[in-house]
Amino acid sequence: MQNTKNAKKEKLTWQEFRNSSSYFDKKSKALNGTKNALLAIFRFIVIVGISYVILAPVIGIISNSFFSRQDSINPMVFTIPINPTLERYTMAIKYMDYLPILGRTVVYVVGITLIQLLICSMVGYGFARFNFPFKGLLFGCVLVMIVVPLNTIQFPLYITFRYFNILPFTIAAAALGLAIAVMGLLDKGKGIRKALMLIAGLAVLGAGIYFTWQNLAAGHPTPNLLQTPWPTVIMSVFGCGLRSGLYIYIFNQFFRGLPKEIEEAALVDGASPGYTYFRIMLPNASPAVITVAVFSIVWQYNDSFFANTFNIPDSILITRKLDSLINVIANAEKVLTIREQQLYFDAGVVLVLVPVVLIYLILQRRFIEGVERSGIVG
Amino acid sequence: MTTAKKKRFSLSYEQRNAVRGYRFILPWLVGFAVFYVGCLIQLVTFSLSEINIDPGTGLRQETFVGLKNYIEAFTSHPTFKQVLTSSIIDMCIDLPMIIFFSLFVALLLNRKFKGRGLVRAIFFLPVILSADAVGSAITRATELMNAGISSSSAEMTQAGAVSVSYYMQLFGDLALPESVLQYIVDAVNRIGSIIKGSGVQIILFIAALQSIPGSLYEVAKIEGATGYETFWKVTFPMVMPHIITNTIYTLVDRFSTSEVVTLATRTYKELYNYGLSSAFSLVSTLITIAILGLIVYLLNKRAFYYN
């Protein structure tokens, strides 16, 4: 319609206008404009719809946590409370022992995350930059870790930590010490370096042998590590923590994408591989570090697999404390109606979620950039 | 370690490099040997034996019973076969839905628009809210919200809550095959769990879309390709390898939260039937890996690797 009006202004006949090039320009412009507008509307509707599905329960939980007793039994109240109260929160904080346990949870989660970052980046770097025998086979083992989840071996893991056998680790430490000492002995470097390697190697060898002997002398005890955080810590230190395979893969992909010239320059300047890794490669890997850190914090915080398999106590894991909140409050405060018990639980859920949501929001922008740059997808 | 001992004679550059490489992967190597290989071997032996653990002293007794646990799992166990098949069917239904949904959302979120960061945060929210206890609260809150909306809309309209049978009839009139209809109904029923299960996949697909070189789109535009053609000839082939990545992630993720894993957990934690639990774990994992291998093999044949 608009086109024909324009045509009249320019005093062209319809036929002439239709054959002119400006007609096609205008037609395609108008078509594109409409198409883009329709697409934008479509996108808006879809995004709002899906966001609603995700956000509705969250909004429901947050609003419920402010409901007072009257609101919860008043059928006219929907989402927005008439007499909002903070009582749910004060009770939930009191009975969850919120701040101390949250503090311990943060220490536990952040500690595990730091271990994961260090170990997985080291392993990823080793696979990305060095050639060694059986490299392909060993990297295949990393992929096996991704494909076979820990859930498969949950019962053997449970047994492993129920009767924790320290011997493989002490023997491995002794072998490692021996290797370091031998390498130190054969090292052609300066006297100090040689001496340091020898001393460190002999110390590790000695410690390994001592603990092996002590363990055997004491009748080979197998301590029960369940109900402590140690199983998670030990598995993370040895690169088998929660989704460690994925993190190793992410770091491997990222380091492979970095130019090799950086390390060659470092090598020419006389930096050792360890120095190159800690002072040059790791600081350059911040996108991958952020990505893995966010994944690790979020998954470790929400984890139920390690928590259930190893019976990690609720005094260091607030999500486990939340499980028992309803019963504790129902018994201690004589809250009998299920509806009201759930209001306390909702407050507890909000309290548990606040820290991890905050951490995510702080790291969010760099996280998305990190995923884009860290080449998980490469 | 073996390479270290060769150092008696001076090492070549490659040998030194190998020692350095092993030094970096050493912690993982020990952990993998002890925890993964050790536990997998244990899993196999456990599944072939009957295990008794004395609750008082904690002493463990293993007696070899051959395939008894497997025979029990497949013949006399009341629920294992049903749980296994339903878990696998669930995985197979969810997988294409999650992949298509997350690719679709990633395409929507890939363009620049106001509030994109916020929307991306919202779509990642299900991953943040994935704790077990939180999950139960969210399920209940969803029910409450739905009940609230349908009860208030019931007062306004005659129809009340959404009538599924009406839509079923509508689709039936379109003469869709029964199986397709069933799949659509299942998919609609699962929309919540599909949205919840695609947080990570969306992020991975967005990253994949960002990594497609812009020059390819320029060429397509100059050659006069339509948006539809550009998607199928440029975007989709470039995203194909990442579809494989996401398939692996999704299947493993679905498996580790599936019913059959829960059944294995319950079998050893509550019923103390350790051998049977190991057999459950082994069988379900092997089937999952077989499915995964098949899908990856089929996809890989069509995949195109840019680099």
Side-chain angles (χ1 to χ4, degrees), chain A residues 43 46-47 50-51 53-57 60-61 78 119 122-123 125-127 130-133 141 145 147-149 151-157 160 168 172 175 179 182-183 186 235 237-240 273 298 302 304 319 322-323 342 345-346 349 353 356-357 360 364-365 368 371-372 376-377, chain B residues 1 4-5 7-8 17-18 20-22 24-25 27-28 30-32 34-36 39-40 42-43 108 117 119-122 125-134 137-138 141-142 144-145 148 152 192 195 203-204 207-208 210-211 242 252 255-256 261 265 268 274 277-278 281 285 289 292:
Chain A
R43 189 166 63 218
V46 170
I47 287 174
I50 299 170
S51 302
V53 174
I54 297 170
L55 285 179
I61 288 174
F78 178 66
I119 301 294
M122 260 171 64
V123 177
Y125 181 65
F127 276 115
F130 299 97
N131 275 319
F132 41 84
C141 292
M145 278 177 68
V147 173
V148 180
N151 305 60
T152 301
I153 49 172
Q154 51 179 338
F155 176 60
L157 279 178
T160 304
V182 169
M183 272 165 66
L186 296 170
M235 290 195 69
V237 165
F238 289 98
C240 290
V298 168
N302 289 331
S304 57
T319 45
L322 183 63
D323 284 334
Q342 281 167 345
F345 187 65
D346 284 334
V349 167
L353 287 180
V356 70
V357 169
Y360 176 70
Q364 200 247 124
R365 169 156 288 170
I368 304 258
V371 177
E372 281 163 12
I376 303 177
V377 292
Chain B
M1 236 56 67
K5 276 168 194 161
K7 204 168 176 171
R8 216 159 282 143
N17 224 346
R20 284 171 183 167
Y22 275 118
F24 273 103
I25 67 163
W28 168 80
V30 174
F32 185 79
V34 173
F35 294 123
Y36 256 87
C39 285
L40 280 175
Q42 268 189 319
L43 187 70
L108 282 183
V119 175
R120 283 180 177 183
I122 291 175
L125 205 58
V127 180
I128 300 179
L129 309 182
S130 62
D132 276 4
V134 177
I138 284 187
T142 316
L144 266 182
M145 290 298 265
S152 53
I195 292 175
I203 301 264
L204 292 183
Q210 295 281 333
S211 69
H242 315 311
V252 174
F255 170 67
S256 53
V261 170
T265 314
Y268 86 85
Y274 306 107
S277 161
S278 305
S281 296
T285 308
I289 289 177
L292 185 62

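Chain identifiers are assigned alphabetically (A, B, ...) following the order of the sequence lines, protein sequences preceding nucleic acid strands; residue numbering begins at 1 within each chain.
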### Query
Side-chain contact, heavy-atom cut-off 4.5 Å: F35(B) with I153(A)?
no

### Heavy-atom contact with chain A under 4.5 Å, split by part of V119(B)
side chain

### Message
So F155(A) and S281(B), do their side chains get closer than 4.5 Å, heavy atoms only?
### Response
no

### Message
If you count heavy-atom pairs within less than 4.5 Å of chain B, which of D346(A), T160(A), V356(A), V53(A) leads?
### Response
D346(A)

#### Entry: Interchain contact, V34(B) with chain A, by part (heavy-atom threshold 4.5 Å)
side chain

### Summary
chain A shares the most heavy-atom pairs under 4.5 Å, among I128(B), V252(B), I289(B), V261(B), with I128(B)

### Query
Pick from C240(A), P273(A), S304(A): which one has the most heavy-atom pairs with chain B under 4.5 Å?
P273(A)

#### Entry: Selection from Q364(A), M235(A), Q154(A), R365(A) maximising heavy-atom pairs under 4.5 Å formed with chain B
Q154(A)

### Atom pair CG (N151(A)) and OG1 (T265(B)), whose distance is rounded to the nearest 0.5 Å
7.0 Å

### Message
With a 4.5 angstrom heavy-atom cut-off, is it the side chain or the backbone of L292(B) that approaches chain A, or both, or neither?
### Response
side chain

### Summary
So, the part of P168(A) with a heavy atom under 4.5 Å from chain B: the answer is side chain

#### Entry: Closest heavy-atom pair and its distance - F130(A), G21(B)
CB-CA, 3.5 Å

### Task
Kindly write out the residues that satisfy salt bridge (Lys or Arg N to Asp or Glu O under 4.0 Å) with R20(B), not counting sequence neighbours, or none if the list is empty.
none

#### Entry: Residue L108(B) versus chain A: region with a heavy atom under 4.5 Å
both

### Message
Looking at C141(A), is its backbone amide N or carbonyl O close enough to the side chain of Y36(B) to form a donor-acceptor pair, meaning the two atoms are under 3.5 Å apart?
### Response
no

### Query
Side chain, backbone, both or neither: which part of I195(B) has a non-hydrogen atom closer than 4.5 Å to chain A?
side chain

### Task
Give the member of Y125(A), F127(A), F238(A) that has the highest number of heavy-atom pairs under 4.5 Å with chain B.
F238(A)

#### Entry: chain B contact via V298(A) - which portion, at a heavy-atom distance below 4.5 Å
side chain

### Message
As an exercise: rank F255(B), W28(B), F32(B) by heavy-atom pairs under 4.5 Å with chain A and give me the winner.
### Response
W28(B)

### Test item: V349(A) and I138(B) side chains (from C-beta on) under 4.5 Å apart, heavy atoms
no

### Task
Quick one: list whatever passes side-chain contact (heavy atoms from CB on, under 4.5 Å) with S130(B), sequence neighbours left out.
N302(A)

### Summary
Pair count under 4.5 Å, heavy atoms only, with chain B: among T319(A), V237(A), L55(A), highest is L55(A)

### Summary
The interface call for S278(B) against chain A, heavy-atom contacts under 4.5 Å, is side chain

### Message
Report which part of Y274(B) has an atom under 4.5 Å of a heavy atom belonging to chain A: side chain, backbone, both, or neither.
### Response
both

### Query
Looking only at atom types and distance, does a side-chain atom of Y360(A) sit under 3.5 Å from a main-chain N or O of L125(B), one as donor and one as acceptor?
no

### Query
Where does L157(A) contact chain B at under 4.5 Å (heavy atoms): side chain, backbone, both or neither?
both

### Task
Test side-chain contact (heavy atoms from CB on, under 4.5 Å) on I47(A) and I122(B) and set out the steps.
CA-CA 10 Å; I47(A) 287 174; I122(B) 291 175; over 6 Å; no

### Query
With a 4.5 Å limit on heavy-atom distance, are the side chains of I25(B) and F132(A) in contact?
yes

